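Down below is the structure, laid out as structure tokens.
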2 protein chains.
Amino acid sequence: MEVFLKSVSALNDETRILILRFLDVNGETCVCDLQASLEMIQSRLSRHLKILKDAGFLRVERKGTWAYYSIRSPLDRFRSEALEEIKCLPIELPPLRKISENGECKI
Amino acid sequence: MEVFLKSVSALNDETRILILRFLDVNGETCVCDLQASLEMIQSRLSRHLKILKDAGFLRVERKGTWAYYSIRSPLDRFRSEALEEIKCLPIELPPLRKISENGECKI
DNA sequence: TCTATAAATCAATATATCTTGATATATGCG
DNA sequence: CGCATATATCAAGATATATTGATTTATAGA
């Protein structure tokens, strides 16, 4: 798929918009903390992260079995304009739950 | 649906991207000329025009039974950034066929 | 090597969107 | 009014995308 349409397609989902907003506010976050914070089933979250990554919005850094996702930087013009829009949306953003740091993470 | 998501959703279709590009290049065009130029079935074209209009990309002016569509101006920031992207896409744009002006239009 | 865990992928189903042909609406004109 | 034409809407089927639970992969540690 063409790059622009791929970006648009990635943006065309409330779940992914929520993920982008969450990562913009909270910065680099590991998958299991995203799961806990956004109360999302693992396969669902993983799928959306992949779509956002493939569309150029996210980067991943792996440390052992953990994967840390964050907003890719720099974003190109269109993607960063989109992100600016997302920053202004009236979204009810759940708080960050860091289960990764207290051994609570037993998915 | 929220405004941003509605814009994104409207952009998320190759047919609508083609329509936007065509109207950007050719300016205000009536539906039957769009039909002839883009070789699109009437109900399909009408549907996509409605989606683009409802998402704030297009305006319509009606003269008698004819409807003239054009890119709405001014566009807000995100929409105009999107349009700029569309202007740069490597699209094979069909030529304008003005069947409206020679009585050729008998849909 | 074996086990446990984090994350990714798969398969089935559910849901949304697109396309087409048929029908409805609206305007102009005899 | 009644017909013709331009456009809009509807209904059915086709296609794409999302969700869920199950399975697979990969890494760390015993």
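Everything numeric here is computed off the predicted structure, so don't read it as measured data. So that the names make sense, note that chain A is the first sequence line, chain B the second, and so on, each numbered from 1.
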>> From the set dA8(C), dC10(D), dT20(D), return the single nucleotide nearest to any side-chain atom of Ala67(A).
In response: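 For the Ala67(A) side chain, the nearest candidate turns out to be dA8(C).
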>> Which nucleotide wins on minimum distance to the side chain of Cys30(B), given the candidates dT9(C), dA7(C), dT7(D)?
In response: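 The nucleotide sitting nearest to the side chain is dT7(D).
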>> With nearest nucleotide decided by heavy atoms, which residue, Arg44(A) or Lys63(A), maps closer to the 5′ end of DNA chain D?
In response: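 The residue mapped nearer the 5' terminus is Arg44(A).
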> Distance check: side-chain N/O of Tyr69(A) vs OP1/OP2 of dA8(C), anything under 4.0 Å?
Replying inline: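 The answer is yes; a side-chain N or O of Tyr69(A) sits under 4.0 Å from OP1 or OP2.
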> Should His48(A) be listed as having a side-chain N or O under 4.0 Å from OP1 or OP2 of dT19(D)?
Replying inline: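 The answer is yes; a side-chain N or O of His48(A) sits under 4.0 Å from OP1 or OP2.
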State, to 0.1 Å, how close [X] and [Y] come at their nearest heavy-atom pair, and which atoms those are.
{"X": "Ala82(A)", "Y": "Phe4(B)", "result": "O-CZ, 4.0 Å"}
{"X": "Asp33(A)", "Y": "Ile99(A)", "result": "OD1-N, 2.9 Å"}
{"X": "Leu18(B)", "Y": "Pro94(B)", "result": "CD1-CD, 4.2 Å"}
{"X": "Leu5(A)", "Y": "Leu11(B)", "result": "CD1-O, 3.9 Å"}

> Can you find an N or O donor on one side and an acceptor on the other, under 3.5 Å apart, linking the side chain of Thr65(B) with the base of dG28(C)?
Replying inline: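 A donor-acceptor contact between them is absent.
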> Ignoring hydrogens and angles, are the base of dA6(D) and the side chain of Gln42(B) linked by a donor-acceptor pair under 3.5 Å?
Replying inline: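 By the distance-only test, no, there is no pair.
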> Which parts of residues 4-22 of chain A get close to DNA chain C, meaning a heavy atom less than 4.0 angstrom away?
Replying inline: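 The stretch gives none, as no residue of it lies under 4.0 Å from the strand.
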Spacing of [X] atom [atom1] relative to [N] atom [atom2], expressed in whole Å:
{"X": "Ile41(A)", "N": "dA12(C)", "atom1": "CD1", "atom2": "P", "result": "18 Å"}
{"X": "Tyr68(A)", "N": "dT27(D)", "atom1": "OH", "atom2": "C1'", "result": "14 Å"}
{"X": "Asp54(A)", "N": "dT17(D)", "atom1": "CG", "atom2": "C1'", "result": "15 Å"}
{"X": "Lys53(A)", "N": "dA7(C)", "atom1": "NZ", "atom2": "P", "result": "14 Å"}
{"X": "Arg62(B)", "N": "dG28(C)", "atom1": "CZ", "atom2": "P", "result": "12 Å"}
{"X": "Leu45(B)", "N": "dT9(D)", "atom1": "CG", "atom2": "P", "result": "13 Å"}
{"X": "Ile99(A)", "N": "dA7(C)", "atom1": "CD1", "atom2": "C1'", "result": "13 Å"}
{"X": "Ile51(B)", "N": "dT9(D)", "atom1": "CD1", "atom2": "P", "result": "11 Å"}

>> Applying salt bridge (charged side-chain N to carboxylate O under 4.0 Å, His left out) as the test, list every pair that has at least one member in residues 56-75 of chain A; sequence neighbours left out.
In response: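 Sorted pair list: Glu28(A)-Arg59(A), Arg59(A)-Glu61(A).
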> Is Arg79(A) salt-bridged to Asp76(A), going by a charged N under 4.0 Å from an acidic O?
Replying inline: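 Counted as a salt bridge, because a side-chain N and a carboxylate O are separated by less than 4.0 Å.
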> Using a cut-off of 4.0 Å on non-hydrogen atoms, how would the nucleic acid contact of Arg47(B) be classed: base, sugar-phosphate, or nothing?
Replying inline: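 Base, at least one base heavy atom under 4.0 Å.
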>> Using the rule given for side chain to side chain contact (heavy atoms under 4.5 Å, CB included), can you reason through Phe22(B) versus Leu38(B), listing the C-alpha separation, both sets of side-chain angles and the distance that settles it, and then say yes or no?
In response: CA-CA 9 Å; Phe22(B) 190 91; Leu38(B) 303 178; 3.7 Å; yes
